[in-house]
Amino acid sequence: MFHAVLFDLDGTLVDSERESGLAMALALEEGLGVRVSQEELDFIVGRSWHEIDTRLRAAHGARLGWSLERLIDESTRARARVIAEQGMRILPGAVETVRRLGQGRVRALVTGSGRAEARQALDVLGLVDEFAVLFASEDYARGKPAPDGYLAAAAQLGVQPLDCLVVEDSRAGIAAGRDAGMTVVAVSIGNYLAQDQSAAHRIVPTLYDLTDELLAELAVERDARRAHA
């Protein structure tokens, strides 16, 4: 069937996008006196730090006096405080599904979060050693919806894009997986902003619904697309 499964992180395995947004807002207000709008907080969902940084600089100009690296570092520190105070919600089936789908397949994590943020979440999940490849925002220039991260992860795994299954939640992430030529399953439980997931090949309520039977169906459909290409 599929030789590799490529997982998104925020909104797919953990419900941490609100915590990430709050942490960024706290860091900017405390460090620079910059207040982030709700529209800007909504924009970060499914986006990488590169896109977030561009959006913030367009809105706040010279007031955003930090480099991208400093913005990530300060937000990561604030995020650790938020997680310590509020915890991080693990989405249903996350740990079990990552481990189950690793049987006979290689796995990668492809996230728009920074590497330190991803490590924070993986520590909470207890999945630090489960992924052969971890691609974070530092590892590619164009974030989702560009396919760069997924294509780079597949190349590092030594797997053709058609043989990869992507598990996502956001509209940008789904577009990235599709444009990479991969099969995409969208998980709806973490999609708290009700982003349009209709471009995915399948939408499932939770990760528990990502069954072997569903993967077999998707593989048959993938093979049919390959034959007609």
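- Counting all heavy atoms, side chain and backbone alike, L9 lies closest to L109 at CB-CD1, 4.1 Å.
- Here CG of D148 is found 12.0 Å from CG of D139. Values are rounded to the nearest 0.5 Å.
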Please lay out, stage by stage, how L64 and L32 fare under the test side chain to side chain contact (heavy atoms under 4.5 Å, CB included).
CA-CA 7 Å; L64 195 67; L32 298 175; 4.1 Å; yes

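- A salt bridge links D53 and R57; the closest N-O separation between the charged side-chain nitrogens and carboxylate oxygens is under 4.0 Å.
- Residue I189 is not grouped with residue Y208 when hydrophobic side chains (ILVMFWY) are merged at heavy-atom distances under 4.5 angstrom, including chains of intermediate members.
- Transitive grouping of hydrophobic side chains (ILVMFWY, heavy atoms separated by less than 4.5 Å) brings F131 and V124 into a common cluster.
- Between the CG atom of L210 and the CD atom of E96 there is a distance of 12.5 Å, given to the nearest 0.5 Å.
- Annotation: the span from D10 atom CG to D169 atom CG amounts to 8.0 Å, rounded to 0.5 Å.
- Between the R222 side chain and the L162 main chain, a donor and an acceptor come within less than 3.5 Å of each other.
- Other residues, nucleotides and ligands place no more than 12 heavy atoms under 6.0 Å from the CD atom of Q160.
- Under a 3.5 Å cut-off, the side chain of E40 and the backbone N or O of L56 do not form any donor-acceptor pair.
- Under the side chain to side chain donor-acceptor pair (under 3.5 Å) criterion, the residue pairs touching residues 25-35 are E29-R35, E30-R81, with sequence neighbours excluded.
- Criterion: ILVMFWY side-chain heavy atoms under 4.5 Å apart, direct or through other members. Under it, V204 and V14 are part of a common hydrophobic cluster.
- Under a 4.0 Å N-O distance rule, the pair R178/E168 does not qualify as a salt bridge.
- Looking only at side-chain heavy atoms (C-beta outward), V95 and L127 come within less than 4.5 Å of each other.
- The backbone N or O of G114 sits nowhere less than 3.5 Å from a side-chain atom of E138 that would complete a donor-acceptor pair.
- Minimum interatomic distance between A186 and A200 (heavy atoms only, all atoms of both residues): CB-CB, 3.7 Å.
- The residues R107 and E130 are annotated as salt-bridged, a charged nitrogen and a carboxylate oxygen being separated by less than 4.0 angstrom.
- With sequence neighbours left out, the side chain to side chain contact (heavy atoms under 4.5 Å, CB included) criterion links E69 to S67.
- Connection of I203 to L218 is not established within any shared hydrophobic cluster, with ILVMFWY side chains joined at heavy-atom distances below 4.5 Å, either directly or through further cluster members.
- Under the side chain to side chain contact (heavy atoms under 4.5 Å, CB included) criterion, T211 pairs with E213, L214, not counting sequence neighbours.
- Between V36 and A25 the shortest heavy-atom distance is CG2-CA, 4.2 Å.
- Scanning all heavy atoms of the two residues, the minimum distance from L125 to A94 falls at CD2-CB, 4.2 Å.
- Of the possible polar contacts, one joining the Q120 side chain to the T76 backbone as a donor-acceptor pair under 3.5 Å is found.
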Begin with the C-alpha distance, continue with both residues' side-chain angles, and end with the deciding distance and a verdict on side chain to side chain contact (heavy atoms under 4.5 Å, CB included) for F2 and L101.
CA-CA 10 Å; F2 295 99; L101 294 187; over 6 Å; no

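- Taking Ile, Leu, Val, Met, Phe, Trp and Tyr as members and joining any whose side-chain heavy atoms lie under 4.5 Å apart, directly or through other members, the hydrophobic cluster of Y150 also contains L6, V106, V110, V133, F135, Y140, L157, V159, V166, I174, M182, V184.
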Hey, mind stepping through T97 and V167 against side chain to side chain contact (heavy atoms under 4.5 Å, CB included) and telling me if it holds?
CA-CA 11 Å; T97 301; V167 186; over 6 Å; no

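- Judged as a side-chain hydrogen bond (donor to acceptor under 3.5 Å, both in side chains), and not counting sequence neighbours, Q103 has no contacts.
- A salt bridge between D223 and R226 is present, with a side-chain N of the basic residue lying under 4.0 Å from a carboxylate O of the acidic one.
- The shortest non-hydrogen separation linking A154 to C164 is CB-SG, 3.9 Å.
- There is no side-chain donor-acceptor pair under 3.5 Å between S170 and D8.
- Between K144 and G173, the closest heavy-atom pair is CD-CA, 3.8 Å.
- Counting only heavy atoms from C-beta outward, the side chains of L41 and Q38 approach each other to under 4.5 Å.
- Applying the salt bridge (Lys or Arg N to Asp or Glu O under 4.0 Å) rule to pairs touching residues 203-212 yields R100-D212, sequence neighbours excluded.
- Rounding to the nearest 0.5 Å places OG of S137 at 7.0 Å from CG of L68.
- Just one residue in the list R225, E221, M1, R202 forms a side chain to side chain contact (heavy atoms under 4.5 Å, CB included) with T183, and that residue is R225.
- More than 12 heavy atoms of other shown residues, nucleotides or ligands fall within 6.0 angstrom of atom CZ in R105.
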As a quick check of understanding, evaluate side chain to side chain contact (heavy atoms under 4.5 Å, CB included) for L13 and V98, giving each step before the final call.
CA-CA 9 Å; L13 300 180; V98 168; 3.9 Å; yes

